[in-house]
Amino acid sequence: MSRAFAHQGFRVITPCVSDIDRLLIHPATIDKFAALIQAVYADRMLNPSGQPIGIFAASYSGGIAMLAASRADIAPYVNAICLVGAFTHFRNVLQFIIEQEEIDEYARYILLRNFLQQSKHHDDEIVELLNIAIQDNGFKKERPLLPDRLQTVSAGAVNFFMQLLNNASFRSELAYQAFEEINQRERWTDYFALEHRLDYVDFSVSLIHGQGDRVIPSNESVHLHALLQRRGKNSHLILTSLLDHGDLNLSKDIWRETNKLAAGFGFFINDLRAAQPH
């Protein structure tokens with residue numbers, strides 16, 4: 001994506017955010033994104049024109065980027081944002097990932113690992129098994145490492161881990177207990193409440209979401225679009241069967257869906273160009 005935007009004539013900065021690299025879920029990442037937006041805007045080597053910047057972000061990072069950009073002190077630095085498969089209601093996405101059977105297990109592994117690590121349910125063996133499962137899934141390893149590791153950890157850890165994966169009621173009870181513990185301590189639902197933080201959005205918002213997204217359901221973007229429209233904000237929404245959770249999903253409607261996807265990116269690019277100095 002960075003190369004594609006660069007080929008359109010834009011200066012593209014692709015930052016490395018350690019929380020994202022580490023697959024860490026925590027509201028403190030919002031502060032880091034806000035500081036990053038401010039730093040890029042203010043740096044005359046990165047942003048010679050001094051104009052508000054455009055932001056492209058996907059999935060969990062998309063929700064975090066929107067939360068950061070919507071702050072009163074940050075919104076003036078943003079001209080346009082394009083979000084692909086982003087969340088609006090953190091608790092709704094949590095429920096979807098934990099309870100739905102037909103989902104991408106990669107997201108479930110990440111969520112469970114974060115909740116276990118940050119709650120009284122922390123267990124080093126279980127966290128290690130989840131980390132291995134994340135790597136096996138994320139890197140699509142031809143020879144997964146998890147089966148061998150399950151042979152060497154304690155029987156209790158194997159039983160607990162398999163219940164997390166296969167017992168929906170056990171998984172739900174543990175995940176919600178962990179989340180409520182963290183939420184009472186750190187007020188995550190307050191920090192992640194995007195629907196209450198849109199008053200200062202004066203930039204355009206382009207929303208693209210795969211209709212069959214099995215990680216963050218498409219109604220998250222539908223709802224955000226509706227919230228923005230009710231507030232009179234400049235928002236565009238594209239739902240497409242060409243994407244699931246960011247990956248291409250080819251179908252018989254490929255040409256029609258490709259045009260829709262191009263239109264979604266076109267909204268974002270046109271808004272960026274409109275703000276460029278002539």
Side-chain angles (χ1 to χ4, degrees), residues 1-2 12-41 52-97 104 106-115 117-118 134 138 179 182-183 186-210 213 215-225 227-228 233 235 245-246 268:
M1 289 304 303
S2 295
V12 180
I13 297 101
T14 305
C16 177
V17 181
S18 61
D19 288 1
I20 302 303
D21 284 350
R22 292 158 47 213
L23 304 176
L24 176 67
I25 298 174
H26 197 280
T29 311
I30 303 168
D31 296 328
K32 296 177 183 179
F33 269 59
L36 180 60
I37 294 168
Q38 188 172 25
V40 171
Y41 167 81
I53 64 174
I55 299 170
F56 173 84
S59 190
Y60 172 73
S61 296
I64 296 296
M66 188 66 186
L67 284 161
S70 300
R71 291 183 175 182
D73 58 329
I74 301 298
Y77 305 142
V78 180
N79 169 55
I81 191 167
C82 181
L83 306 176
V84 178
F87 73 86
T88 304
H89 288 289
F90 183 81
R91 192 184 285 272
N92 288 354
V93 175
L94 160 62
Q95 182 177 2
F96 182 82
I97 292 174
D104 186 336
Y106 182 72
R108 181 175 290 162
Y109 297 149
I110 293 172
L111 200 64
L112 288 171
R113 187 204 65 184
N114 273 275
F115 285 0
Q117 277 185 318
Q118 300 179 57
I134 289 166
F179 177 71
I182 296 166
N183 192 43
E186 301 179 9
R187 299 180 16 247
W188 278 24
T189 50
D190 291 343
Y191 287 109
F192 285 131
L194 179 56
E195 66 270 26
H196 302 308
R197 303 179 187 275
L198 301 174
D199 290 344
Y200 298 103
V201 173
D202 290 324
F203 47 85
S204 72
V205 182
S206 299
L207 302 168
I208 299 172
H209 216 121
D213 195 322
V215 176
I216 297 176
S218 59
N219 60 11
E220 291 293 299
S221 286
V222 172
H223 186 59
L224 178 54
H225 178 63
L227 289 171
L228 290 164
K233 309 299 184 180
S235 173
H245 190 64
F268 177 55

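Starting from 1, each residue takes its place in the sequence as its number.
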Do Phe179 and Arg91 have side chains that get closer than 4.5 Å, going by heavy atoms? yes
CD1 of Ile25 to CD of Gln117, rounded to nearest 0.5 Å, is 10.0 Å
Asp31 side, atom CG; Leu67 side, atom CG - distance, nearest 0.5 Å: 10.5 Å
Which pair of heavy atoms, one from Leu24 and one from Thr29, lies closest together, and at what distance? O-OG1, 4.4 Å
Whether the side chain of Arg113 engages the backbone of Ile134 through a donor-acceptor N/O pair (distance < 3.5 Å, no angle test) should be reported. no
With a 4.0 Å cut-off, would you call Arg197 and Asp190 a salt bridge? no
Closest heavy-atom pair and its distance - Val215, Ala107: CG1-CB, 3.5 Å
On a heavy-atom basis, which atom in Phe268 and which in Cys82 lie closest, and how many Å separate them? CG-CB, 3.5 Å
Minimum heavy-atom separation for Val12 and Ser2, please, with both atom names. CG2-O, 3.6 Å
Distance, nearest 0.5 Å, that separates NE2 of His209 from NE2 of His225: 14.0 Å
From Ile97 atom CD1 to Tyr109 atom OH, the distance as rounded to the nearest 0.5 Å: 13.0 Å
Hey, does the side chain of Ser70 reach the backbone of Met66 with a donor-acceptor pair shorter than 3.5 angstrom? yes
Out of the candidates Phe115, Trp188, Tyr191, only one should pair with His26 under the ring-ring contact (aromatic ring centres under 6.0 Å, His included) rule; please name it. Trp188
Thr14 side, atom OG1; Phe56 side, atom CZ - distance, nearest 0.5 Å: 10.5 Å
In terms of side-chain heavy atoms, does Glu195 have a donor or acceptor partner in His223 at a distance below 3.5 Å? no
Ring-plane angle category for Phe192 and Tyr60, please: parallel below 30°, perpendicular beyond 60°, tilted otherwise. perpendicular
Short side-chain to backbone donor-acceptor contact, Lys233 and Phe203, under 3.5 Å: no
Ala57 to Gly62 - nearest heavy-atom pair and separation: CB-CA, 3.6 Å
Any heavy-atom pair between the side chains of Phe87 and Leu94 that's under 4.5 Å? no
Given side chains that start at C-beta, do those of Val93 and Leu111 come closer than 4.5 Å, heavy atoms only? no
In short, Ile74 meets Ile37 closest at the heavy-atom pair CG2-CG2, 3.7 Å
Just verifying a value: how many Å separate Asn219 CG and His89 NE2, rounded to the nearest 0.5 Å? 9.0 Å
Answer whether the closest heavy-atom distance between the side chains of Ile208 and Ser221 falls below 4.5 Å. no
Counting C-beta onward and ignoring hydrogens, is there a side-chain heavy-atom pair between Phe96 and Glu220 closer than 4.5 Å? no
So, Asp202 side chain and Ala75 main chain: donor-acceptor pair closer than 3.5 Å or not? no
